[in-house]
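Because the structure is a prediction, the values reported are computed rather than measured.
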Amino acid sequence: MTTARDIMTGGAQCVGAHESVRDAAHKLKEYGVGALPICGENNKLIGVLTDRDIVVKVLGEGLDPAEVEAGTLAQGEAVTIGADDGADEIFATMTQHKVRRLPVIDGTDLVGMVALADAARALKEPEAGRLVEALSTD
């Protein structure tokens, strides 16, 4: 069985909840990723910040990214996947929560991120198509 650990991008870097969105944007560019986990006190995962969040929720609202803290963009409890969960569970979680990226947790530690493309490559052809379709509709 293919697990999240098998297909994730390891070594996920967090953006601190009190870091600015501008700093987060620099990290996105530096790491070449479209999303970063947001970590609060004791490195606890509180959400995920995407490049789209920055554009829509900060720039689109006319806010200064240097003044907005990344943690203010976290919405509710972070949706995660266990490191040993299989591709079917990744598929189900992404579909249920309509997310394209999932932080991967091993116990309480953040160990990586799984993106839609990672999950699609791990699924059989019909399932991959259903995943993409489910995430592409409102």
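- Taking 4.5 Å as the limit, some side-chain heavy atom of Leu28 sits within range of a side-chain heavy atom of Ile54.
- Other residues, nucleotides and ligands contribute at most 12 non-hydrogen atoms within 6.0 Å of the CD atom of Glu77.
- Expressed to the nearest 0.5 Å, how far CZ of Arg52 lies from CG of Leu49 amounts to 13.0 Å.
- How far OG of Ser20 is from CG of Asp64: 8.5 Å, rounded to the nearest 0.5 Å.
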**Asked** Thr93 and Val79: side-chain contact (heavy atoms from CB on, under 4.5 Å), yes or no, with the steps?
**Response** CA-CA 8 Å; Thr93 302; Val79 178; 3.6 Å; yes
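- Taking each heavy atom of Ala17 and Ile46 in turn, the nearest pair found is CB-CD1, 3.7 Å.
- Put simply, NZ on Lys44 and OG1 on Thr108 are 10.5 Å apart, with the number rounded to the nearest 0.5 Å.
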**Prompt:** Which is it for Gln13 and Glu30 under the side-chain contact (heavy atoms from CB on, under 4.5 Å) test, yes or no, and what are the steps along the way?
**Reply:** CA-CA 11 Å; Gln13 299 292 321; Glu30 178 183 346; over 6 Å; no
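- Across Val48 and Pro103, no two heavy atoms sit closer than the pair CG2-CG, 3.5 Å.
- The two residues Leu45 and Pro37 make their nearest non-hydrogen contact at CD1-CB, 3.5 Å.
- If you chain together hydrophobic residues whose side chains sit under 4.5 Å apart, Val56 and Val68 never meet in one group.
- For the pair Leu102/Thr80, no side-chain contact is recorded, criterion being any heavy-atom separation below 4.5 Å from C-beta on.
- Distance CD1/Ile7 to CE/Met113: 12.5 Å, rounded to 0.5 Å.
- The shortest non-hydrogen separation linking Ala70 to Gly16 is CB-O, 3.7 Å.
- Of all heavy-atom pairs between Leu36 and Ala24, the closest is CD1-O, 3.8 Å.
- Expressed to the nearest 0.5 Å, how far CG of Asp118 lies from CZ of Arg101 amounts to 10.5 Å.
- Taking 4.5 Å as the limit, some side-chain heavy atom of Leu73 sits within range of a side-chain heavy atom of Val58.
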**Item:** Verdict with supporting geometry, Ile105 and Leu110, side-chain contact (heavy atoms from CB on, under 4.5 Å)
**Value:** CA-CA 5 Å; Ile105 304 296; Leu110 174 68; 4.1 Å; yes
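- Side chains of Asp106 and Arg5 form a contact here, defined as non-hydrogen atoms less than 4.5 Å apart.
- The heavy-atom pair separating Ala4 from Val104 by the smallest distance is CB-CG1, 4.1 Å.
- No side-chain donor-acceptor contact under 3.5 Å links Lys27 to the backbone of Val33.
- Expressed to the nearest 0.5 Å, how far CE of Met8 lies from CD1 of Ile81 amounts to 12.5 Å.
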